[in-house]
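See structure below.
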Amino acid sequence: MYVNPHQKNEIDTNKSAVTYGTIRLASYEKLKEHLSSPTPTALTLSAAVSGFIGAIPGNASDIANIRMQNDASLPPAQRRNYRHILHAWSVMYKNEGPLFFTQGMLPNCIRCGLMTACQLASYDYFKNLFGRVSGLQAESSSIVHLGSSVMAAFVATSVCSPIDVVKTQLMGLGSGKKSVIRVVGDMTRAEGVRWVFRGWVPSFVRLGPQTVATLVLLEQHKKVYRGLLGINDI
């Protein structure tokens, strides 16, 4: 049966997103439970650690995803023609060695740490702020959840979009081609500081609905969980 490569790529991306998302959300909630004082700084650090850890198992999938997406833009002789994610990993292992999965890992983990800090910590901050200002119950108000998640998406996109640009450059090049500093330097010389804002709008269009859906559904999940266990507060 024929499988559209773009469709297959999307399926592989979703698998990576589920793994990364599950780890970072679960880790953040567990870390919050152990905070004696959930200050904004403590929440931000907890979220950053959760995102950093969650990105590690998904890095190999991110590399394959980026290369499969970029393949059509390469000259035919340079295309990798990965059939699926397992084939991509096999080819990268043979051609680039057993450490192929570490390509771009540090900026990817930093990006995921910042993304999680921006999304989850800023969401909790805005949720408490909007709850105090509006007089609505922050833990149960859908209006507060929706407004807070939109603001969290705006913060996360603004902080992480430049890192996404660097990560994409590194992972698309192959093993050992350039360092982070060299990639940033080359883009700055070619475009000035404009590269920082490259793709912000499509990033927000993608990340905004995802962030809203994730955080609103997370609140509903926590509500059901608290109800089943008879817990009044998180």
Side-chain angles (χ1 to χ4, degrees), residues 3-25 28 47-48 50-52 54-73 82 84-85 88 103-105 107-127 142 145-173 183-184 187 191 193-221:
V3 178
N4 186 304
H6 296 291
Q7 181 182 5
K8 181 61 181 174
N9 187 36
E10 183 178 349
I11 293 171
D12 293 334
T13 303
N14 289 339
K15 291 177 181 177
S16 175
V18 168
T19 303
Y20 158 63
T22 300
I23 293 174
R24 71 189 186 113
L25 291 173
Y28 178 63
S50 301
F52 191 97
I56 295 174
N59 198 68
S61 297
D62 280 340
I63 296 171
N65 173 42
I66 287 172
R67 293 194 185 184
M68 292 165 77
Q69 286 179 333
N70 292 341
D71 222 29
S73 64
Y82 298 143
H84 47 73
I85 194 166
Q103 295 167 30
M105 179 176 285
N108 191 30
C109 288
I110 292 174
R111 179 260 183 195
C112 292
L114 288 173
M115 174 68 74
T116 304
C118 292
Q119 281 184 320
L120 302 186
S122 67
Y123 173 75
D124 281 340
Y125 172 79
F126 284 118
K127 184 173 70 172
S142 297
H145 298 164
L146 180 61
S148 302
S149 60
V150 171
M151 291 302 299
F154 181 85
V155 173
T157 303
S158 299
V159 172
C160 297
S161 185
I163 301 176
D164 280 338
V165 175
V166 175
K167 183 191 79 169
T168 300
Q169 291 289 321
L170 286 170
M171 289 184 171
L173 290 169
V183 166
V184 171
M187 289 191 295
E191 304 177 42
V193 297
R194 290 179 298 174
W195 72 266
V196 173
F197 305 100
R198 186 198 301 173
W200 189 96
V201 173
S203 292
F204 183 76
V205 170
R206 175 185 63 84
L207 187 61
Q210 178 208 49
T211 300
V212 171
T214 298
L215 296 177
V216 170
L217 288 174
L218 177 63
E219 290 290 356
Q220 295 304 309
H221 170 78

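Keep in mind the model is a prediction, meaning the values are calculated, not measured.
- With rounding to the nearest 0.5 Å, the separation of CG in L215 from CG in L146 is 10.5 Å.
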In residues 154-165, what donor-acceptor pairs under 3.5 Å come from side-chain atoms, sequence neighbours left out?
| unit_1 | atom_1 | unit_2 | atom_2 | d |
| --- | --- | --- | --- | --- |
| T157 | OG1 | A153 | O | 2.8 |
| S158 | OG | F154 | O | 3.0 |
| S158 | OG | W200 | NE1 | 3.4 |
| D164 | OD1 | R111 | NE | 2.6 |
| D164 | OD1 | R111 | NH2 | 3.4 |
| D164 | OD2 | R111 | NH2 | 3.4 |

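- In this structure, S148 contributes its side chain and H145 its backbone to no donor-acceptor pair below 3.5 Å.
- The CG atom of L218 sits 7.5 Å away from the CG atom of L120 when rounded to the nearest 0.5 Å.
- In this structure, G199 and S203 approach most closely via the heavy-atom pair O-OG, 2.7 Å.
- Atom CG of N70 and atom CG of N65 lie 9.0 Å apart (nearest 0.5 Å).
- Every residue was checked against the ring pair (Phe, Tyr, Trp, His ring centres under 6.0 Å) condition with Y125, not counting sequence neighbours, and none meets it.
- Residues M115 and L207 meet the side-chain proximity criterion, which asks for heavy atoms closer than 4.5 Å.
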Exercise for the section: Check the pair T116 / F52 against side chain to side chain contact (heavy atoms under 4.5 Å, CB included), numbers first and verdict last. Expected result: CA-CA 8 Å; T116 304; F52 191 97; over 6 Å; no
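- The CD1 atom of I85 sits 10.0 Å away from the CD1 atom of I63 when rounded to the nearest 0.5 Å.
- One side chain, E219 or Y123, offers a donor N or O that lies under 3.5 Å from an acceptor on the other.
- Here the SG-CG distance, from C112 to D62, works out to 6.5 Å after rounding to the nearest 0.5 Å.
- Annotation: side chain of C109 is in contact with side chain of I56 (closest heavy-atom distance under 4.5 Å).
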